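Below, chains carry the letters A, B, ... as their sequence lines are ordered, and counting in each starts from 1. Everything numeric here is computed off the predicted structure, so don't read it as measured data.
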Amino acid sequence: MHVVVCVKQIPDPAVPGALDAYNTLQREGKLILDESDSYGVEMALQLVDAAGGGEVTLISMAPNGEVSGLRTALAMGAAKAILVSDPALAGSDALGTAKVLAKCVERAGGVDLVLAATESSDGYTGTVPAQMAELLSMPALTFAKHVEVADGKIKIQRQTEAGYDVVEASLPVVVTVTAGVVEPRYPSFKGIMAAKNKPVDAVTAADLGLADQVGWAGARQEITGVTQAPARQAGEKIEDDGTGFEKIVGYLEKLKVI
Amino acid sequence: MTLNTVWVYAEANGDKVTTATLEILTKARSLASTVEAIYAGSAADAVAAQVGEYGASTLHVIDPGDGLPGQVAAAGIATLAAERSPDAIIFAQSYDGRDAIGRLSVKLDRPVLTNGFGLDVVDGTLKFNTAIFGGTVLVDVATSAGAPALVAIRPKSFAAESAGGAAATVNTLGATDAGRAAEAKVLERFEEEQTGPKLEEAQVVVSGGRGIGSAEAYKPLVEELAKLLKGAFGASRAIVDAGWVPYALQVGQTGKTVKPKLYIALGISGATQHLVGMKNSDNIIAVNKDGEAPIFGVADLGIVGDVHKVVPALIEAVKAKS
Ligand SMILES: Cc1cc2nc3c(=O)[nH]c(=O)nc-3n(C[C@H](O)[C@H](O)[C@H](O)COP(=O)(O)OP(=O)(O)OC[C@H]3O[C@@H](n4cnc5c(N)ncnc54)[C@H](O)[C@@H]3O)c2cc1C
Ligand SMILES: Nc1ncnc2c1ncn2[C@@H]1O[C@H](COP(=O)(O)O)[C@@H](O)[C@H]1O
C-alpha cells in the first residue's frame with residue numbers, strides 16, 4: 001500500500017504571528033511540522049503496517065526549501081518526500097496549494113490513499129483536501145475520527161454534529177483526519193539519524209507545469225484592509241478562599257440563569 | 001447598490017435547517033435583490049418552508065443519494081451556476097459546507113474566501129472580512145476572480161432573523177454526474193444521545209479544559225454544571241486532542257464558535273485560539289488556579305481557584321436553590 005501524506009511546515013504557533021509588507025503571514029525562519037499533520041503521518045505508518053507492506057511518501061509545499069518539518073515526519077518512519085519550494089509560490093491561496101499538492105500526488109505515482117489534516121494550524125481554510133480530491137477525481141472522506149482499510153476499500157467514522165457517520169469508498173481516496181485519531185509516535189534516535197539520509201525530491205512550480213496558476217496572480221484576491229479587533233475588558237477577579245462559588249451563584253442569579 | 005443574485009448552500013439536520021444557514025440567509029437578504037438556496041438532501045418541503053421564511057425565493061434541490069451531501073452537491077451547483085450566473089454563493093464553514101465549497105472551487109476555477117465573519121456590498125462589489133491571529137486582527141479581502149464569489153462564513157457571525165416569507169419554490173434539479181466524488185457512501189449514521197440544548201444554540205455553555213485534570217472529571221464537573229444550568233457543554237482543544245471528549249465539543253478557532261448569554265470556562269488557560277471561539281459571549285465566568293491565566297483578561301467574573309473545590313461547591317449550591 002502506498003500512502004501519501006500532506007505535511008505542512010509552519011512557523012512555530014507558540015510564537016506570535018506577524019504580517020509582511022504584502023499582508024501575508026510571515027513564514028521566514030525555521031518551520032516545524034504542523035502538529036495537525038502528525039496524526040496523518042502516524043495513521044499512514046499504521047495503515048502500511050497493517051497492510052503488511054508498502055510505503056509512506058510525504059508531500060509538502062513550503063518557502064525557502066524548508067525541510068525541518070519534513071525531517072520530523074521522516075524520522076517518524078516515512079520513506080521519502082516531495083518538496084515543492086519556489087519563490088513563484090509566494091502568495092498562493094488554497095486552490096493554488098491544492099493544485100501543487102495534486103501534482104505531487106501524481107508525481108508520487110501509484111497512490112492508494114492520500115491523507116491530510118482537516119485544517120492547517122496557520123491558514124486553517126480547511127478546503128485544500130477537498131480541492132485536491134476534486135483535482136485528482138477522487139472521493140474525499142473528510143473529518144475522519146477512525147480509519148480502517150481492507151480489501152481495497154476504506155471505511156471511516158466521519159464526525160457529524162450529532163455523532164458520526166460510517167462512510168466507505170474504494171481506493172484511491174483522499175481522507176482528512178481529526179486530531180486524536182491516533183497517537184503520534186515520538187521519533188526515535190535511530191529514526192532521527194535515518195531521516196537525514198532519506199530522499200527529498202525537490203521540485204519547482206514549473207517542474208509541475210503550474211508556473212502561471214500559483215502565487216499572487218493565481219490567488220486573484222487581495223487584502224484591502226487590516227485593523228486591530230476591539231479588545232474585551234476584564235471584569236472582577238477574586239482569589240478563592242472557599243467562598244468563591246458564592247460569587248458565581250450571585251452572578252448566575254443576577255443573569256437569571258438560576 | 002446591491003448584487004442581483006446570491007445563493008446560499010442550505011444544510012439541515014434531518015428536516016431542521018441549521019442555525020448557521022439561517023444566519024447566512026438573513027445576511028444574504030441585505031446583499032442582493034434575489035436570494036436563493038441550494039440543498040442536497042431528502043427533506044425538500046420542510047427545508048423550503050424554513051429557507052423561505054428567512055428570505056429565499058427558490059430552493060434548488062439536489063438528490064445526494066447515499067453520498068456525502070456536500071461533495072455530491074458541488075457537481076449540481078456547478079452546472080446550475082454555469083446556467084444562471086449568480087454573483088456569489090455562500091456556505092457555512094461547516095463539515096458539509098467545506099466539502100461543497102472545496103470541490104466547487106475547482107469545478108468553477110474560483111478561489112475560496114473562508115472563515116468569514118463579515119460580508120457587505122460596497123459600491124456594487126462584495127467586501128469580505130475575516131480574522132487572523134486568534135481573532136485579534138481583522139482583515140478585509142477583495143477578490144478579482146469574477147462571479148460567482150465563493151464564500152464560507154463562520155457560524156454565529158450574523159444574527160438569524162425571520163423575514164416572515166412564504167415557502168420557497170422548490171426546483172428539483174436533474175441528476176448531475178458527480179464522478180468519483182459520489183462513490184463515498186454513507187453506510188450508517190450514529191447519533192450520540194443528546195440531552196439538553198446544542199452547543200451553538202445554548203444560552204449557557206460550560207466548557208472544560210486540561211485543568212479539570214482527567215477524562216473522568218469531565219462528567220461530574222462540566223456536564224453536571226451545564227445540565228443544572230440547562231446549558232450545553234464544550235471543551236478546549238487540549239482535552240479533545242487528549243481524547244477525553246469528542247471533536248464536536250471543541251470551541252475555538254478550529255472548532256465551534258459560540259455566543260451564549262453566559263460562557264463558563266473551567267480549567268481553561270485562554271489561548272487566543274480558544275478565545276476566538278467564545279469571546280463574543282455576553283458574559284464570561286472563568287475558574288482557573290493560575291491568576292495570570294489569559295482567560296481572566298476576558299472574564300467578567302474570574303475566580304482564582306481549584307476547579308475541584310469551586311465547582312462541586314457551586315453544583316451543590318445551585319442544586320440547593322432549585
Ligand atoms: C492552529 C491552532 C488551532 C487551535 N485551535 C484551538 C481551538 O479551536 N480551541 C482550543 O481550545 N484550542 C485550540 N488550540 C490550542 C490552544 O493553543 C491551546 O493549546 C488550548 O486551548 C489549551 O487548552 P487548555 O486551556 O485546556 O489547556 P492548558 O493551556 O494546558 O491550560 C490548562 C489550564 O488549567 C489550569 N488549571 C490546572 N489545574 C487546575 C485546577 N485544578 N483548577 C483550576 N485550573 C487549573 C491551568 O492554570 C491552565 O491555565 C489551537 C492551537 C493551534 C496552534
Ligand atoms: N503547503 C502545504 N503543504 C502540505 N500540505 C498542506 C499544505 N497546505 C495545506 N496542506 C494540507 O491540507 C490541510 C488543510 O489545509 P488548509 O486548507 O490550509 O486548512 C493541511 O492540514 C495539510 O494536511
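Note: A/Asp240 leads A/Val181, A/Thr127, A/Ile258, A/Asp240 in heavy-atom pairs under 4.5 Å with chain B. Put simply, of B/Val310, B/Leu113, B/Thr136, B/Val137, the one with the most heavy-atom pairs under 4.5 Å next to chain A is B/Thr136. Contacts with chain A were tallied for B/Lys230, B/Lys107, B/Gln253; B/Gln253 has the most, counting heavy-atom pairs under 4.5 Å. When each of A/Ala179, A/Gly126, A/Ala169, A/Ser36 is checked for heavy-atom pairs under 4.5 Å with chain B, A/Gly126 comes out on top. Ranked by heavy-atom pairs shorter than 4.5 Å toward chain B, the options A/Leu255, A/Leu141, A/Leu135 are led by A/Leu255. Here B/Gly297 is the residue among B/Ala181, B/Gly297, B/Gly243, B/Ala286 with the most heavy-atom pairs under 4.5 Å with chain A. Taking A/Arg158, A/Met132, A/Gln233 one by one and counting their heavy-atom pairs under 4.5 Å with chain B, the maximum is reached by A/Arg158. Listed options A/Gln159, A/Lys247, A/Gln157, A/Gln213 were ranked by heavy-atom pairs under 4.5 angstrom with chain B; first place goes to A/Gln159. Chain A forms more heavy-atom pairs under 4.5 Å with one residue of B/Val311, B/Val287, B/Leu262 than with any other, namely B/Leu262. Each of B/Ala74, B/Gly302, B/Ala242 has some count of heavy-atom pairs under 4.5 Å with chain A, and the biggest count is that of B/Gly302. Here A/Val166 is the residue among A/Thr142, A/Val166, A/Asp93 with the most heavy-atom pairs under 4.5 Å with chain B.
Using a 4.5 Å cut-off between heavy atoms, A/Glu35 touches chain B through its side chain atoms alone. Both the backbone and the side chain of A/Ala140 have a heavy atom closer than 4.5 Å to some heavy atom of chain B. The contact between A/Thr118 and chain B is made by backbone and side chain atoms together, counting heavy-atom distances below 4.5 Å. The contact between A/Tyr164 and chain B is made by backbone and side chain atoms together, counting heavy-atom distances below 4.5 Å. When heavy atoms are compared at a cutoff of 4.5 Å, A/Ser137 approaches chain B solely by way of its backbone atoms N, CA, C and O. At a 4.5 Å heavy-atom cutoff, the contact between A/Tyr124 and chain B is made by backbone and side-chain atoms alike. In this structure, no portion of A/Pro184 lies under 4.5 Å from any heavy atom of chain B. Looking at A/Glu253, the atoms closer than 4.5 Å to chain B (heavy atoms on both sides) all sit in the side chain, from C-beta outward. Contact of A/Lys145 with chain B is made through the side chain alone, with heavy-atom distances under 4.5 Å. Proximity to chain B involves both the backbone and the side chain of A/Ile238, based on heavy atoms less than 4.5 angstrom apart.
Within a 6.0 Å sphere centred on CD of A/Glu183, heavy atoms belonging to other residues, nucleotides or ligands number 12 at most.
Remark: the backbone N or O of B/Val122 is not paired with any side-chain donor or acceptor of B/Asp120 at under 3.5 angstrom. Judged purely by atom type and a 3.5 angstrom limit, B/Thr143 uses its side chain to pair as donor or acceptor with the backbone of B/Ala145. Between the B/Asp140 side chain and the B/Asn129 main chain, no donor and acceptor come within less than 3.5 Å of each other. With A/Thr243 contributing its side chain and A/Glu246 its backbone, the two residues share no donor-acceptor pair below 3.5 Å.
Between B/Asp66 and B/Lys185, at least one side-chain nitrogen of the basic residue sits less than 4.0 Å from a carboxylate oxygen of the acidic one, meeting the salt-bridge criterion. Residues B/Asp109 and A/Lys99 are paired through a salt bridge, judged by an N-O separation under 4.0 Å between the basic side chain and the carboxylate. In summary, A/Asp37 and A/Lys8 do not engage in a salt bridge, as defined by a charged side-chain N under 4.0 Å from a carboxylate O.
B/Val318 pairs with exactly one of A/Ile248, A/Val257, A/Leu252 by the side-chain contact (heavy atoms from CB on, under 4.5 Å) rule, that one being A/Leu252.
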